Amino acid sequence: MAPKSDNTETIVLNFVNEQNRPLNTQNAADALQKFNLKKTAVQKALDSLADSGKITFKEYGKQKIYIARQDQFEIPNNEELAQMKEENVKLQEQLQEKKKTITEVESEIKSLQSNLTLEEIQEKDTKLRKEVKEMEDKLIKLREGITLVRPEDKKAVEDMYADKINQWRKRKRMFRDIWDTVTENFPRDIKEFKEELGIEYDEDVGLSFQAYADLIQHGKKRGRGQ
């Protein structure tokens with residue numbers, strides 16, 4: 001329910017005086033919606049207050065701008081202004097100190113929140129002790145010469161390695177057969193021809209096929225020894 005006319009004027013007058021700045025009807029109506037006042041009621045109250053001299057207004061085209069009467073406010077003298085400025089400086093310093101304190105407290109809160117609880121510490125301790133025990137058990141097995149790789153995994157790797165060595169041997173032989181056929185009775189220098197084609201032997205790049213092939217036999221001997 002909207003306030004009565006006299007109550008509406010009181011509400012609008014108090015608002016204009018509190019704001020003490022230029023206002024149009026829309027400004028006042030938006031701010032006074034909380035009092036269930038419509039724009040037409042606010043406009044009527046503003047005009048009535050202006051007509052009675054309780055507020056002042058100026059017209060800019062079709063729009064009226066309302067403002068509180070300035071003679072109702074005490075205007076501070078130079079001494080009072082200087083005192084107010086000094087108090088304002090002190091208040092700003094206090095505000096900065098309060099902000100600094102708040103920042104420090106927030107930082108401390110974040111630090112405390114990031115710390116582990118006693119329950120979390122105990123849980124982490126249990127987990128780390130378990131990991132240490134597992135690592136110690138592995139270390140003991142390694143020192144005793146026990147192989148940690150499962151036999152089936154070891155055999156799979158050895159078979160794959162042997163297959164790659166066999167492919168290497170086969171391709172190496174195929175290349176030799178083709179190369180010997182091509183270069184047989186070749187009129188040019190074979191070494192220069194090889195370099196021209198960008199062909200490199202294993203030995204040219206520091207590889208020894210036999211060294212890799214011997215690893216298979218070495219692995220089998222070691223397996224029998226274990």
Side-chain angles (χ1 to χ4, degrees), residues 34 86-184 186 188-226:
K34 59 185 178 181
E86 185 178 345
E87 290 177 355
N88 182 58
V89 171
K90 291 181 180 179
L91 288 172
Q92 289 294 329
E93 291 176 352
Q94 291 177 11
L95 177 62
Q96 292 302 320
E97 290 179 0
K98 295 295 183 184
K99 286 183 176 180
K100 183 180 179 182
T101 302
I102 290 172
T103 301
E104 291 174 352
V105 172
E106 289 177 344
S107 177
E108 186 175 353
I109 290 173
K110 288 181 180 179
S111 176
L112 290 172
Q113 288 176 339
S114 64
N115 291 335
L116 297 175
T117 64
L118 179 60
E119 183 179 352
E120 290 172 335
I121 292 174
Q122 291 175 340
E123 182 179 345
K124 194 172 185 65
D125 178 67
T126 302
K127 182 180 178 181
L128 289 173
R129 287 178 183 275
K130 182 180 178 181
E131 291 177 357
V132 170
K133 180 68 169 56
E134 291 174 353
M135 293 174 69
E136 287 177 343
D137 291 343
K138 287 184 178 180
L139 183 60
I140 291 172
K141 290 179 179 179
L142 288 171
R143 285 174 175 170
E144 292 176 348
I146 298 175
T147 304
L148 300 180
V149 180
R150 294 184 306 172
E152 55 268 31
D153 293 338
K154 181 174 180 290
K155 185 177 185 306
V157 172
E158 288 177 343
D159 290 346
M160 182 177 66
Y161 183 81
D163 180 60
K164 299 300 180 185
I165 290 295
N166 288 334
Q167 290 185 34
W168 187 357
R169 181 185 290 107
K170 182 179 179 181
R171 293 170 185 270
K172 189 179 178 71
R173 185 172 57 251
M174 288 171 61
F175 168 77
R176 277 295 183 186
D177 292 342
I178 295 172
W179 182 252
D180 290 345
T181 301
V182 171
T183 57
E184 185 178 3
F186 196 70
R188 293 175 52 187
D189 182 79
I190 302 300
K191 184 176 181 182
E192 290 181 0
F193 182 53
K194 180 169 73 75
E195 291 177 354
E196 182 180 332
L197 295 177
I199 296 173
E200 293 178 326
Y201 296 156
D202 294 338
E203 296 76 11
D204 294 336
V205 292
L207 289 177
S208 171
F209 171 81
Q210 192 58 47
Y212 284 94
D214 289 343
L215 290 175
I216 298 177
Q217 299 299 324
H218 178 72
K220 291 180 178 179
K221 290 179 181 178
R222 184 178 177 184
R224 289 194 294 270
Q226 290 180 347

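Small disclaimer: the values here were computed from a predicted structure and weren't measured. Counting begins at 1 with the first residue of the sequence. These values consider heavy atoms only, across backbone and side chains, with no hydrogens, waters or symmetry-generated copies.
A 4.5 Å side-chain heavy-atom check between L128 and E131 finds at least one atom pair inside the cut-off. Counting heavy atoms from C-beta outward, F193 and I190 have side chains that stay 4.5 Å or more apart.
By the salt bridge (Lys or Arg N to Asp or Glu O under 4.0 Å) test, K133 pairs with D137, sequence neighbours left out. With sequence neighbours left out, T126 forms a side-chain contact (heavy atoms from CB on, under 4.5 Å) with no residue at all. For E108, there are no side chain to side chain donor-acceptor pair (under 3.5 Å) partners two or more places apart in sequence or in a different chain. Residues passing the side chain to side chain donor-acceptor pair (under 3.5 Å) test with K127, sequence neighbours excluded: none. Every side-chain contact (heavy atoms from CB on, under 4.5 Å) that I178 has, sequence neighbours left out, goes to V182. Scanning for side chain to side chain donor-acceptor pair (under 3.5 Å) contacts around D125 gives R129, with sequence neighbours left out. Partners of K194 under the salt bridge (Lys or Arg N to Asp or Glu O under 4.0 Å) rule, at least two apart in sequence or in another chain, are D204. Listed by chain and residue number, T101, I109 satisfy the side-chain contact (heavy atoms from CB on, under 4.5 Å) test with V105 (two or more places apart in sequence, or in another chain). The side chain to side chain donor-acceptor pair (under 3.5 Å) test applied to K124 returns no partner, not counting sequence neighbours.
Within the structure, the salt bridge (charged side-chain N to carboxylate O under 4.0 Å, His left out) test picks out the following pairs touching residues 161-184 (sequence neighbours left out): K172-D202. Among pairs with a residue in residues 88-103, those fulfilling salt bridge (charged side-chain N to carboxylate O under 4.0 Å, His left out) read E86-K90, at least two apart in sequence or across chains. Screening residues 98-139 for ring-ring contact (aromatic ring centres under 6.0 Å, His included) gives no qualifying pairs among residues at least two apart or on separate chains.
Annotation: E123, atom CD; neighbour count of heavy atoms from other residues, nucleotides and ligands within 6.0 Å does not exceed 12. More than 12 heavy atoms of other shown residues, nucleotides or ligands fall within 6.0 angstrom of atom CD in E134.
Ring geometry for Y201 versus F175: interplanar angle over 60°, hence perpendicular rather than tilted (30 to 60°).
Rounding to the nearest 0.5 Å gives a distance of 11.5 Å between CD1 of I165 and CE of M160.
Y212 approaches Y161 most closely through the heavy-atom pair O-OH, 2.9 Å.
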